[in-house]
Amino acid sequence: RSGELKSLMDNKAGGSGSSNPSASIDSRWNCDLCQKVYSSQRALRRHIDTIHLCKRPYKCLFCDVRTGESGNIRKHMKRMHSARFSKHKEMYPDFRMSKEETDDSEQGNDTA
């Protein structure tokens, strides 16, 4: 299945049909799997990675929850681990969430 999705993204990058970003300024990127429309290839790629491939590269610092986007894991930590998260932010004010390398078995964990 992932080969199929990679092929879809390669076709998009090649500029077939209305997905060609150089066709016009108002180009749209369509997901061929669910028909959602995005304004950029980056947004479409993020959608395919998180929704269709279930990639969850952002891991909570305090439990095993993983999400596909850094903002979602930050919301999870704030909501579920508020005291620990606040203390962590005080200790590391410039801290930024970063993607972790994960193997396929870890990518399907719960999201918040």
Side-chain angles (χ1 to χ4, degrees):
R1 176 159 170 125
S2 66
E4 200 176 299
L5 293 172
K6 182 180 179 340
S7 174
L8 286 172
M9 287 306 297
D10 290 344
N11 287 341
K12 297 285 186 197
S16 62
S18 63
S19 299
N20 182 356
S22 62
S24 76
I25 301 225
D26 295 328
S27 291
R28 300 288 182 230
W29 292 81
N30 304 309
C31 178
D32 292 334
L33 299 169
C34 68
Q35 311 315 312
K36 288 199 176 200
V37 179
Y38 295 90
S39 60
S40 70
Q41 182 181 15
R42 180 179 181 191
L44 174 61
R45 185 172 302 278
R46 181 176 50 234
H47 162 77
I48 290 173
D49 284 348
T50 59
I51 302 301
H52 300 299
L53 294 177
C54 297
K55 288 185 179 180
R56 306 285 187 253
Y58 297 97
K59 185 187 179 308
C60 177
L61 298 172
F62 311 110
C63 70
D64 291 331
V65 168
R66 292 181 172 277
T67 66
E69 296 185 34
S70 62
N72 291 342
I73 199 66
R74 188 172 283 111
K75 286 178 197 173
H76 160 79
M77 290 190 297
K78 204 172 189 179
R79 186 173 57 239
M80 303 304 291
H81 312 286
S82 58
R84 291 170 76 187
F85 184 63
S86 295
K87 185 172 182 165
H88 185 270
K89 280 184 70 175
E90 287 174 17
M91 292 172 57
Y92 307 102
D94 296 327
F95 175 77
R96 297 276 185 257
M97 293 303 301
S98 62
K99 292 181 183 181
E100 286 189 1
E101 292 300 317
T102 60
D103 63 49
D104 290 349
S105 65
E106 295 179 302
Q107 291 175 355
N109 287 356
D110 294 351
T111 61

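Nothing fancy with the numbering, it's 1 onward along the sequence.
- Proximity of a side-chain donor or acceptor of R56 to a complementary backbone N or O of T50 within less than 3.5 Å is detected.
- Atom OG of residue S86 and atom CE of residue M91 lie 13.0 Å apart, to the nearest 0.5 angstrom.
- Here the NE2 atom belonging to H88 is positioned 5.0 Å from the CG atom belonging to L61, to the nearest 0.5 angstrom.
- We find the CD-CD1 distance between Q41 and I48 to be 9.0 Å, quoted to the nearest 0.5 Å.
- Nearest heavy atom pair, residue G68 against residue P57, reads CA-CD, 3.9 Å.
- Taking the side chain as every heavy atom from C-beta outward, C63 and M80 never approach each other to under 4.5 Å.
- Classified by interplanar angle (parallel below 30°, tilted 30° to 60°, perpendicular above 60°), the ring pair F62/F85 is perpendicular.
- A 4.5 Å side-chain heavy-atom check between C31 and L44 finds at least one atom pair inside the cut-off.
- Atoms CZ and CG, on R46 and D49 in that order, are 10.0 Å from each other to the nearest 0.5 Å.
- For H81, the side chain to side chain donor-acceptor pair (under 3.5 Å) criterion is met by H76, not counting sequence neighbours.
- Note that NZ of K59 is 10.0 Å distant from CE of M77, once rounded to the nearest 0.5 Å.
- Taken to the nearest 0.5 Å, the CZ atom of R74 stands 9.5 Å off from the OH atom of Y58.
- Y38 places a side-chain heavy atom less than 4.5 Å from the side chain of H47.
- Closest of all the heavy-atom pairs between C60 and I73 is N-CD1, 3.5 Å.
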